[in-house]
Amino acid sequence: MPLSKSLVWFRRDLRVFDHAALHHALTSSNSVYCAFIYDNTILDSLPRADRRVEFIHASLAELDAELRQLGGCLIVRHADAAQEIPTLAAELGVDAVFVNGDYEPQAIARDAAVASRLEADGRRFFSYKDQVIFEKSEVLTLAGQNFSVFTPYKNAWLKRMAAEPDCVAPYSVEPHAARLAPPGGDERLPTLSDIGFEPTNLSALSIPTGMSGAAQLFEDFIGRIADYGEARNYPAVKGPSYLSIHLRFGTLSLRHLVRTVTELIARGAGGEGAPVWLSELIWRDFYAMILFNHPHVVERAFKPAYDAIVFETGPEADEMFAAWCEGRTGYPLVDAAMAQLNQTGYMHNRLRMVTACFLIKDLGIDWRRGEAYFALHLNDYDLSSNNGGWQWASSSGCDAQPYFRIFNPVTQSEKFDAKGKFIRRYLPRLDGLSDKEIHAPWSVPPMVLAQKKVVLGKDYPAPIVRHDEARVKTLERYGVVKAG
Ligand code: FAD
C-alpha cells in the first residue's frame, strides 16, 4: 500500500539525481518532503570557521534551488538531528522517514535512536545503500568471511560488479518529481551566521561546491584520467580528481562515477589511469566495509597486537606534535604538506602517507593524534578512509606490508617532488635553494645557505629529528609486535 506522506532526510547525499532514498520515497509515497538538519551535536565541536560547514551551506542552497525547480523544497533546521527528525516527522504528519545509510558507529547509533522514536510514534524508517557500491558483508571470501586485505577484496568486488552490472544503475528522481511536496510559505535557508559560523577561505580557494561543482570537477578529470596512474603520485601536478569532498557530501553519485569509468575501461578509452582510479574508489568501499564490520578500529589497532606499542608522550612529544601540526619539522616536504592542509583543507594522497608515516615513525607519536588532527582539518574528512589511512601508516591496519616499511621523507621528496615545485609553492622562503638542496636544507653548508638568505633555526627550522636515528627507535618500539 502506498504511503501517504514521507520525509527524506538528507545527510551525506546532497543531490537530487541518482539518489536511492529519494527515489524510493517518491515511488512509494503520494507526497514527499525533503529535509536537512545542521546537527548541533556535531557542529558544536567544530571551530567557528570550518570549510566543510561552508561547503554544506553552499551545497544546500543549490540542492534547495534544484528541488524547487522540480516543485519541492528543502526544509533546513539547526538542532540535535536525533531529536529533530522525529519532531519534524510528527509536525509534517508523515508515515515514514527515508535515508541513505551511514556506516560510522555514531551515525548507526543515531539512526537506531531515530528509528525507534519514529516507531514509537507509529512511523517507519527506511534506510538504503547509496554511499558505497557494496556495503557491509556484500563482498565476501569464498569461505564466506569478510576480507581484511585489499587486493583479494578488490578482485572479488570487480567480479561481483561484472556479474551484477545493475548495482550501479541510476535511481531515477525526476520522472516522479510531481510527488515532491510543494514549498510552504515561510521556508528559508539559514545563513552561516544563523547557525553560528563564519565564512572561510573556501571561495578564495575556488573549491567548487554543490552538484554543479562536482560535475565540473568530474568533467575536467575525465579529460585527464588516462594519465592518472602516473600523475597522481606527484603533488605539484594536477593528477588526482579532487572529488573527495564531493564524495564525502554526496554532491555526486558514486554509481555514476563507477558507471562512467567502467564504460571507459570497457571501451578501452580510459588509458592506464581509469582502472587505477576505479581501484581508489574500491579502497573507499573497502574502508567503509572495515569500519562497519570492525568498529573497534575507531579506538584501537585493527590488528590487536599493535595495541602493545607504546608511543611517546609528555611535553617533548607534545612539542614535536605541535611542530608537525604547524609544519615546522625542518623536513620541507612534510612542512609543505602540512601547510597545504592548514591553508586549504586538502592534502595530496602521497603527502598524507608521507606526513602520517613521519608523525608515527619519525616522531614516535600515536597515530590517533594525527588522525584527530586530519579529522579536524581535512575538507574530505571521512572516518573510515581517514582511519584506514592512518592505520595503514602505522602498519596496524589492513595491510600485507610489514611494519618495517618506513618512508624516508627525503627520498620521498626527491622522488615525488624532484624539482621542489610543491615545496616552493608552500614554503616560498626556500625558493632560493637548488632542486637538489631543497629536500634537506640541513645538509647544505651554512655559508651556502646564508648566501641564499636561509639561516636554519631562524628562516627555516633545523630538523627536529634525525631520520636514521628515528628509524632505529621505531624498529625497537615496534619490536613488541614481533614478540607478541
Ligand atoms: P583521487 O586520487 O582522485 O581518488 C578518487 C577517490 O577515491 C577519492 O576522492 C576517495 O574517495 C577515493 N580514494 C582515493 N584514495 C583512497 C584511499 N587511500 N582510501 C580510501 N579512499 C580513497 N580520503 C578521504 O576521502 N577522507 C579522509 O579523511 C582521508 N584521510 C586519509 C588519511 C591518510 C593518512 C591517508 C594516507 C589517506 C587518506 N584518504 C582520505 C585517502 C586519500 O588520500 C584521499 O581520498 C585522496 O587524497 C582525495 O583526493 P582526490 O579526491 O583528489 O583523490
Side-chain angles (χ1 to χ4, degrees), residues 12 51-52 55 103-104 131-133 150 153-154 157 207-208 213-214 217-218 220-222 224-225 227-235 237-254 256-258 260-261 270 273-291 297-298 324 334 337-338 340-341 344-361 365 367-399 401 405 407 412:
R12 296 183 47 162
R51 291 184 198 94
R52 294 156 304 187
F55 181 93
Y103 308 99
E104 298 186 1
Q131 239 186 65
V132 292
I133 302 297
F150 177 69
Y153 169 86
K154 174 183 147 181
W157 189 104
I207 294 179
L217 281 178
F218 188 46
D220 173 65
F221 177 64
I222 284 296
R224 54 192 171 80
I225 194 170
D227 301 328
Y228 174 77
E230 178 63 8
R232 73 186 182 125
N233 281 312
Y234 303 98
V237 172
K238 190 179 169 191
S241 66
Y242 307 106
L243 281 169
S244 49
I245 188 171
H246 291 279
L247 279 156
R248 172 67 183 85
F249 295 111
T251 41
L252 46 68
S253 150
L254 174 64
H256 173 65
L257 302 189
V258 173
T260 311
V261 177
V276 181
W277 197 64
L278 179 59
S279 205
E280 297 308 314
L281 296 178
I282 304 173
W283 269 110
R284 185 176 170 277
D285 265 25
F286 176 70
Y287 282 140
M289 179 279 290
I290 292 290
L291 177 63
V297 296
V298 176
W324 177 83
V334 173
M338 295 308 290
Q340 182 183 38
L341 176 64
T344 71
Y346 181 80
M347 193 195 282
H348 187 277
N349 179 58
R350 172 138 309 268
L351 303 180
R352 295 187 203 207
M353 297 195 287
V354 169
T355 53
C357 286
F358 186 83
L359 183 76
I360 303 162
K361 293 182 178 166
I365 290 176
W367 56 272
R368 281 157 281 230
R369 293 184 77 178
E371 183 195 15
Y373 190 80
F374 271 27
L376 196 59
H377 293 273
L378 279 175
N379 298 337
D380 60 26
Y381 167 60
D382 176 80
L383 174 55
S384 57
S385 295
N386 196 41
N387 182 272
W390 276 95
Q391 296 235 20
W392 174 88
S394 76
S395 309
S396 58
C398 316
D399 193 357
Q401 298 275 343
R405 173 208 48 210
F407 275 11
Q412 287 286 313

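Just so you know, these numbers use all the heavy atoms, side chains as well, and skip hydrogens, waters and symmetry mates. Order of listing sets the numbers, starting from 1, for every ligand and every atom in it. One is the number of the first residue; the rest follow in order along the sequence.
- Heavy-atom minimum distance, A274 versus V261: O-CG1, 3.6 Å.
- Checking each of F374, Y381, Y373 against H377 for a side-chain contact (heavy atoms from CB on, under 4.5 Å) leaves exactly one that passes, namely Y373.
- Taking the centre of each ring, Y242 and Y346 come in below the 6.0 Å mark.
- Residues F358 and W324 place their aromatic rings such that the two centres sit no closer than 6.0 Å.
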Go through the steps to decide whether F249 and R52 satisfy the test side chain to side chain contact (heavy atoms under 4.5 Å, CB included), and finish with yes or no.
CA-CA 9 Å; F249 295 111; R52 294 156 304 187; 4.0 Å; yes

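- Ring centroid separation for the pair W157 and F286 does not come in under the 6.0 Å cut-off.
- The immediate protein surroundings of ligand 1, defined as residues with any heavy atom under 4.0 Å of it, consist of Y228, P240, S241, Y242, L243, S244, L247, W277, E280, L281, W283, R284, Y287, Y346, M347, N349, R352, M353, A356, F374, L378, D380, Y381, D382, S385, N386, G389, W390.
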